[in-house]
**Student:** 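The structure is given below, and queries will be raised subsequently.
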Amino acid sequence: MSNNNAPIGFFDSGLGGLSIFKSINELLPNENTIYIADSKNAPYGEKGKDKIIELSIKNTEFLLDKGVKLIVVACNTATTNAIEYLRQNYNIPFIGIEPATKVAATNTQTGNIGVLATKGTLSSEKFLKTSAPYRKKINFYERDGEGLVEMIEQNKIEDSAGLLQKYLSPMLENNIDHLVLGCTHYPFLIPEIKKILPEHIKILEPGQAVARHTKNVLAQLHLLNASENANPKHIFYTNSKTEILEQFIKTHLSLNNYCIEGNY
Ligand code: DGL
């Protein structure tokens, strides 16, 4: 049975989900966590739906064995392709991540928005269905970010400038005023993206909204860790280089009590 001290589980095809982890940890600092970086299988976005479901099952079962109370699918590609399967087959709450097209489409002044996401997300039934109502009035300029996830996984963020220029130029030419980052890896590219986009273009990433939603779901289920001296533990599993994961944790998160296991 789940209990309030049980950890929140996260999985992603690697380091991208740490952008979501960061927002959740800032809002819910008492919570214990377990994070899976399935980097060996990155990028999920170039795989077919069946394979993405298979990998999501493996990650989910690993987290369930560790006794998590809720799972954050910290990956747009796994959410858009696999979350329905997971919800139907496992009796645990799942939080998913989807591109923030609604916010962009509701707030655009130019009627043009950009979406940078993986091929797996852009071609998914779920994304096409949820974005369909807005496409009647708003122009979507979409681009899959082929090659970007690999650069982030190798911590070579500064090498992304050329690809970003290529992917974002057509959006700029079409007068977008919002850029939706539809992959949890991409927030790590924001410093590079800001060098290309003029300041008035809003860059949307979902971390804070997902964190608020996670808090609400845990509260409704009476699963928040309310203990005042929680001294939470954070365990990270990877099946790739522990050094790069550690660099990311040190650079982007402020955690005291964490350990990295290289045996996922
Ligand atoms: N971080 C993931 C996402 O949000 C997956 C990227 C990938 O593995 O292709 O889509």
Side-chain angles (χ1 to χ4, degrees), residues 9-24 35-60 71-86 94-101 114-128 130-131 142-157 160 163-164 167 179-190 193 203-211 213-214 236-241 244-245 248-249 252-253 264:
F10 296 77
F11 75 82
D12 180 45
S13 62
L15 308 172
L18 295 176
S19 64
I20 302 295
F21 177 99
K22 181 178 163 66
S23 301
I24 292 182
Y35 183 100
I36 297 176
D38 188 16
S39 298
K40 197 177 81 185
N41 291 303
Y44 280 13
E46 300 291 317
K47 296 181 164 56
K49 183 177 171 99
D50 289 350
K51 185 68 187 175
I52 297 168
I53 292 178
E54 183 192 313
L55 294 167
S56 300
I57 291 172
K58 183 190 66 154
N59 297 332
T60 296
I71 293 178
V72 180
V73 181
C75 172
N76 294 258
T77 312
T79 300
T80 49
N81 286 277
I83 205 163
E84 270 154 27
Y85 179 93
L86 297 175
F94 287 94
I95 304 289
I97 319 291
E98 287 182 60
T101 46
V115 183
L116 187 64
T118 68
K119 199 194 282 176
T121 291
L122 294 174
S123 63
S124 69
E125 227 176 283
K126 194 173 175 70
F127 174 68
L128 293 173
T130 49
S131 58
E142 298 170 357
R143 173 67 222 212
D144 73 74
E146 195 181 351
L148 294 174
V149 166
E150 290 89 331
M151 286 176 184
I152 297 160
E153 286 293 315
Q154 288 164 27
N155 204 7
K156 295 200 167 140
I157 287 170
S160 64
L163 279 184
L164 286 171
Y167 298 161
L179 173 68
V180 176
L181 298 182
C183 170
T184 56
H185 279 73
Y186 300 164
F188 293 114
L189 300 175
I190 288 177
I193 293 174
I203 302 170
L204 299 179
E205 49 144 334
Q208 289 177 359
V210 171
H213 180 55
T214 304
F236 296 86
Y237 289 89
T238 180
N239 48 21
S240 185
K241 292 186 185 146
I244 296 189
L245 176 56
F248 260 71
I249 294 171
H252 300 287
L253 311 175
Y264 179 58

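Each ligand, and each atom within it, is numbered from 1 in the order the structure gives. Note that the structure is a prediction, hence the values are computed from the model and not measured.
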**Student:** Heavy atom under 4.0 Å from ligand 1: found in Val149's side chain, backbone, both, or neither?
**Tutor:** side chain
**Student:** For Pro43, counting its heavy atoms only, list the atoms of ligand 1 lying under 4.0 Å from any of them.
**Tutor:**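 Answer for ligand 1: 7 (C), 8 (O), 9 (O).
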**Student:** N/O of Thr184 under 3.5 Å from N/O of ligand 1, yes or no?
**Tutor:** yes
**Student:** If we ignore hydrogens and angles and just use 3.5 Å, is the side chain of Asn239 paired with the main-chain N or O of Ser39 as donor and acceptor?
**Tutor:**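 Judged by distance alone, yes, a pair lies under 3.5 Å.
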**Student:** Okay, side chain of Asn81, backbone of Gly120: is any donor-acceptor separation there less than 3.5 Å?
**Tutor:**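 Judged by distance alone, yes, a pair lies under 3.5 Å.
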**Student:** For Phe21 and Tyr35, take the angle between the two ring planes, folded into 0 to 90°, and tell me which bin it lands in: parallel under 30, tilted 30 to 60, perpendicular over 60.
**Tutor:**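 The arrangement is perpendicular - the two ring planes meet at more than 60°.
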**Student:** When you measure from the side chain of Lys126 to the backbone N and O of Glu84, does any donor-acceptor pair fall under 3.5 Å?
**Tutor:** no
**Student:** Counting heavy atoms only, name the option from Cys75, Pro99, Ser39, Ala42 that's nearest to atom 2 (C) of ligand 1.
**Tutor:**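 Shortest heavy-atom distance from atom 2 (C) of ligand 1: Cys75.
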**Student:** Is the closest N or O pair between Thr77 and ligand 1 shorter than 3.5 Å?
**Tutor:**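 The answer is yes, given that Thr77 and ligand 1 share an N or O pair closer than 3.5 Å.
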**Student:** Give the contacting part of Asp12 toward ligand 1: side chain, backbone, both or neither, where contact means a heavy-atom distance below 4.0 Å.
**Tutor:**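 The side chain, only.
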**Student:** Which is closest to atom 5 (C) of ligand 1 by heavy-atom distance: Ser13, Gly45, Gly120, Gly182?
**Tutor:**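 Result: the heavy atom closest to atom 5 (C) of ligand 1 is in Ser13.
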**Student:** Looking at ligand 1, does any of its N/O atoms fall within less than 3.5 Å of an N/O of Tyr44?
**Tutor:**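 Min N/O separation from ligand 1 is below 3.5 Å for Tyr44.
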**Student:** Would you check if the side chain of Ser160 reaches a backbone N or O of Leu148 as a donor-acceptor pair within less than 3.5 Å?
**Tutor:**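 No, the answer is negative, given that no donor and acceptor are paired below the 3.5 Å cut-off.
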**Student:** Can you tell me if Thr184 uses its side chain to pair, donor with acceptor, with the backbone of Ala74 under 3.5 Å?
**Tutor:**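 Between the backbone of Ala74 and the side chain of Thr184 there is a qualifying donor-acceptor contact (under 3.5 Å).
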**Student:** Taking 4.0 angstrom as the limit and counting only heavy atoms of Thr118, give me the atoms of ligand 1 inside it, by number and element.
**Tutor:** 6 (C), 9 (O), 10 (O)
**Student:** Short question: side chain of Tyr44, backbone of Gly14 - any donor-acceptor pair under 3.5 Å?
**Tutor:**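 No.
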